[in-house]
Amino acid sequence: MCGVIGVMGHPRAVYLSYLGLRRLQPRGQESAGIVATDGESLVQKRGMGHVKDVFTDAEITNWPAHAAIGHNRYSTAGDSTIDEAQPFMQQTKFGKVAICHNGHLPHTAEQARQLLASGHGLVSTSDTAVVLGLLSQSEKDNVVDAFIDALSQVEGAYTMLLLTRDKLVAARDPYGFRPLALGKLDEGWVVASETAAFQLFEGKYEREVLPGEVLILTRDQAPQSLYPFPTTQPAECLFEHVYFARPDSKVFGSPVSSERLRMGRRLAQEHPVSADVVVGIPDSGMGAAFGFHEESKIPLRLGLTRDHHMGRTFIDPNYEIRGLKVKYKLSPVPDLLDGQRVVLVDDSIVRGNTIMEIIEMVRKAGAREVHVRSSSPPVISPCYQGIDTKSKDELIAAHLTIEEIGREIGADSLGYLSREGLLWAVGDPEGKRHCTSCFTGVYPIRVEGGTSKNQHEMVST
Ligand code: 5GP
Ligand code: MG
């Protein structure tokens, strides 16, 4: 998963991109970068780690540019070195271009081999570099057509931004797996993975960039939209609503916090329980915990606190403290838990390690019963569309029944929100707009070892 932002036609394009990237930091913490243009040349700065550590104040304020693109990386493909930090920049026959990408292209290995065999260099090992390679060797006579040409040759999830001296082009794959919102600035335009990125500097939310849309932004002209790809049934990512997006964002046009409230309410309807307190697991389980509390009328308590200051801590290999990684982050409040029948609400259970440690922690703090509720259905299959879910072997729900999982993690009871319930909560009760592959193992696109969905076959328009 990654975060992207692009600003066009604003004299503080770099500063706004930087602020936006900081807001999008939860989407990727491996590396960050910005490429910006003053209309003459493109300038790039990338680094490993957090946005605040990659850029100095002086760089951000003294970088003249009216357009910029920025990226936070959370790798799904390729290595994790500075070479993979985006945006990538390359000299092409169209001049210098830069691109950045949120998503995953699972079938680019062969194309990478062919590009290299035919003498084209690639800027990195990642799937995104292949798009830049295909663009550079396209026979089209302008950069927008070459970008479209390159994207037509790849399959998978992409929300991609392209920057040239005078254009910012935003593209979303026809399934629309990953989000992209368009905002209007006091001067110019902004596109970003989530609206919270530009809420900070009062960008006005206009609309989503649509699945299959290629949006061209320039300094002087109105935005122009092209729809060059065959259309298909959209498959927006449900996990963005459940876990990934910030609670202060709209994602795919929907307000995340309200959706999480609905998930929690529905969860309480589907899996009611007699208990004394509801405790949300910070931060991502809190939205659903509020909903569970409202529906069940069971008091909500901050029974777990999240430590924002621990940072990285040295783990002494000779002195083992069980669940130390979870304990760095979360600390129980014994006063609120002692003697109580507790409902723990989290957004998801992936490998099951986190919840297992938390249950133990809550019991040690004196809880009498611990009931677990997850606001997503069981995760049974890996994601090939841009979320770094683990391999099937590591997914606890891929191998055990719900009763077995409950026993394994040490819960007195366990309940997952149903797929129908989740789709209802995100306003898509018939499942017409969302990808459910991590909950079903049925994929909209071709994947190794997975099933493809016939109804998702490409239809030409
Ligand atoms: P697990 O069951 O694998 O130990 O972890 C589940 C926890 O990880 C949940 O609290 C959930 O909020 C969080 N989580 C879910 N998906 C992701 C992800 O893609 N990346 C990270 N870093 N955490 C995730
Ligand atoms: Mg969590």
K.L.:
For Asn62, is there any backbone N or O sitting under 3.5 Å from a side-chain donor or acceptor partner on Glu59?
P.N.:
no
K.L.:
How about Leu116: does its CG atom have over 12 heavy atoms from other parts shown lying under 6.0 Å from it?
P.N.:
yes
K.L.:
Quick check: do Arg351 and Glu394 have side-chain heavy atoms less than 4.5 Å from each other?
P.N.:
yes
K.L.:
What is the minimum heavy-atom distance between Cys2 and Tyr74, and which atoms define it?
P.N.:
SG-N, 3.6 Å
K.L.:
Check the surroundings of atom NZ in Lys184: do more than 12 heavy atoms from other residues, nucleotides or ligands lie under 6.0 Å from it?
P.N.:
yes
K.L.:
Just so I know, are the side chains of Lys392 and Ser381 near enough to count as touching, which here means a heavy-atom distance under 4.5 Å?
P.N.:
yes
K.L.:
Can you list the steps and then say if Val4 with His101 is a side chain to side chain contact (heavy atoms under 4.5 Å, CB included)?
P.N.:
CA-CA 7 Å; Val4 297; His101 174 204; over 6 Å; no
K.L.:
Treating Ser249 as the side-chain partner and Val251 as the backbone partner, does any N or O pair qualify as donor plus acceptor under 3.5 Å?
P.N.:
no
K.L.:
If you count every heavy atom of other residues, nucleotides or ligands that lies below 6.0 Å from Glu139 atom CD, does the total exceed 12?
P.N.:
no
K.L.:
Determine yes or no for a side-chain-to-main-chain donor-acceptor pair under 3.5 angstrom, with Arg219 supplying the side chain and Met8 the backbone.
P.N.:
no
K.L.:
So Cys237 and Phe244, do their side chains get closer than 4.5 Å, heavy atoms only?
P.N.:
no
K.L.:
Could you report the tightest heavy-atom contact between Pro247 and Val256, atom names first, then the distance?
P.N.:
CA-CG1, 4.0 Å
K.L.:
Before you tell me yes or no, could you show the steps for Ser126 and Glu84 under side-chain hydrogen bond (donor to acceptor under 3.5 Å, both in side chains), namely the whole-Å CA-CA distance, both residues' side-chain angles and the distance that decides it to 0.1 Å?
P.N.:
CA-CA 7 Å; Ser126 89; Glu84 273 69 41; 6.0 Å; no
K.L.:
Check the pair Arg172, Glu236 against salt bridge (Lys or Arg N to Asp or Glu O under 4.0 Å), reporting the backbone distance first and the verdict last.
P.N.:
CA-CA 11 Å; Arg172 258 182 98 196; Glu236 296 177 331; 3.1 Å; yes
K.L.:
Backbone N or O of Ala197 within a donor-acceptor pair of the Arg23 side chain at under 3.5 Å?
P.N.:
no
K.L.:
Can you check whether Lys96 reaches Thr164 side chain to side chain, under 4.5 Å on heavy atoms?
P.N.:
no
K.L.:
Return yes if some donor-acceptor pair links the side-chain N/O of Thr159 with the main-chain N/O of Arg178 below 3.5 Å, else return no.
P.N.:
yes
K.L.:
Without swapping roles, check the side chain of Ser437 against the backbone of Gly441 for a donor-acceptor pair under 3.5 Å.
P.N.:
no
K.L.:
Is the count of non-hydrogen atoms from other residues, nucleotides or ligands lying under 6.0 Å from Lys140 atom NZ greater than 12?
P.N.:
no
K.L.:
Okay, side chain of Asp307, backbone of Tyr328: is any donor-acceptor separation there less than 3.5 Å?
P.N.:
no
K.L.:
Can you tell if the side chain of Leu395 reaches within under 4.5 Å of the side chain of Ile380, non-hydrogen atoms only?
P.N.:
no
K.L.:
If every non-hydrogen atom of Val130 is compared with every non-hydrogen atom of Leu115, which pair is closest and at what distance?
P.N.:
O-CD1, 3.9 Å
K.L.:
Is the CG atom of Asp53 crowded by more than 12 outside heavy atoms at less than 6.0 Å?
P.N.:
yes
K.L.:
For Glu110, look at atom CD and say whether over 12 heavy atoms of other residues, nucleotides or ligands are found less than 6.0 Å away.
P.N.:
yes
K.L.:
How close do Ser193 and Asn102 get, counting heavy atoms only, and between which atoms?
P.N.:
OG-OD1, 4.4 Å
K.L.:
Is the ring pair Phe239/Tyr243 parallel, tilted or perpendicular, if the boundaries are 30 and 60 degrees?
P.N.:
tilted
K.L.:
Does CZ in Phe439 sit with more than 12 non-hydrogen atoms of other residues, nucleotides or ligands closer than 6.0 Å?
P.N.:
yes
K.L.:
Could you walk me through whether Arg46 and Gln86 pass the side chain to side chain contact (heavy atoms under 4.5 Å, CB included) test, one step at a time?
P.N.:
CA-CA 7 Å; Arg46 300 178 293 170; Gln86 297 189 25; 5.8 Å; no
K.L.:
Mind listing the closest non-hydrogen atom pair of Val426 and His434 along with its distance?
P.N.:
CG2-CE1, 3.7 Å
K.L.:
Is a salt bridge present between Glu357 and Lys329, judged by a nitrogen-to-oxygen distance below 4.0 Å?
P.N.:
no
K.L.:
Keeping Ser138 on the side-chain end and Leu134 on the backbone end, is there a donor-acceptor pair under 3.5 Å?
P.N.:
no
K.L.:
What closest approach, in Å, do Ala98 and Ile69 show between heavy atoms, and which atom pair accounts for it?
P.N.:
O-CD1, 3.8 Å
K.L.:
Indicate yes or no: at least one non-hydrogen side-chain atom of Ile387 is less than 4.5 angstrom from one of Cys438.
P.N.:
no
K.L.:
Quick check on Phe201: does its CZ atom have over 12 non-hydrogen neighbours (other residues, nucleotides or ligands) under 6.0 Å away?
P.N.:
yes
K.L.:
Is the distance between the ring centroids of His241 and Phe252 under 6.0 Å?
P.N.:
yes
K.L.:
Under a 4.5 Å cut-off applied to non-hydrogen side-chain atoms, are Leu238 and Asp428 in contact?
P.N.:
no
K.L.:
So Ser31 and Ile82, do their side chains get closer than 4.5 Å, heavy atoms only?
P.N.:
no
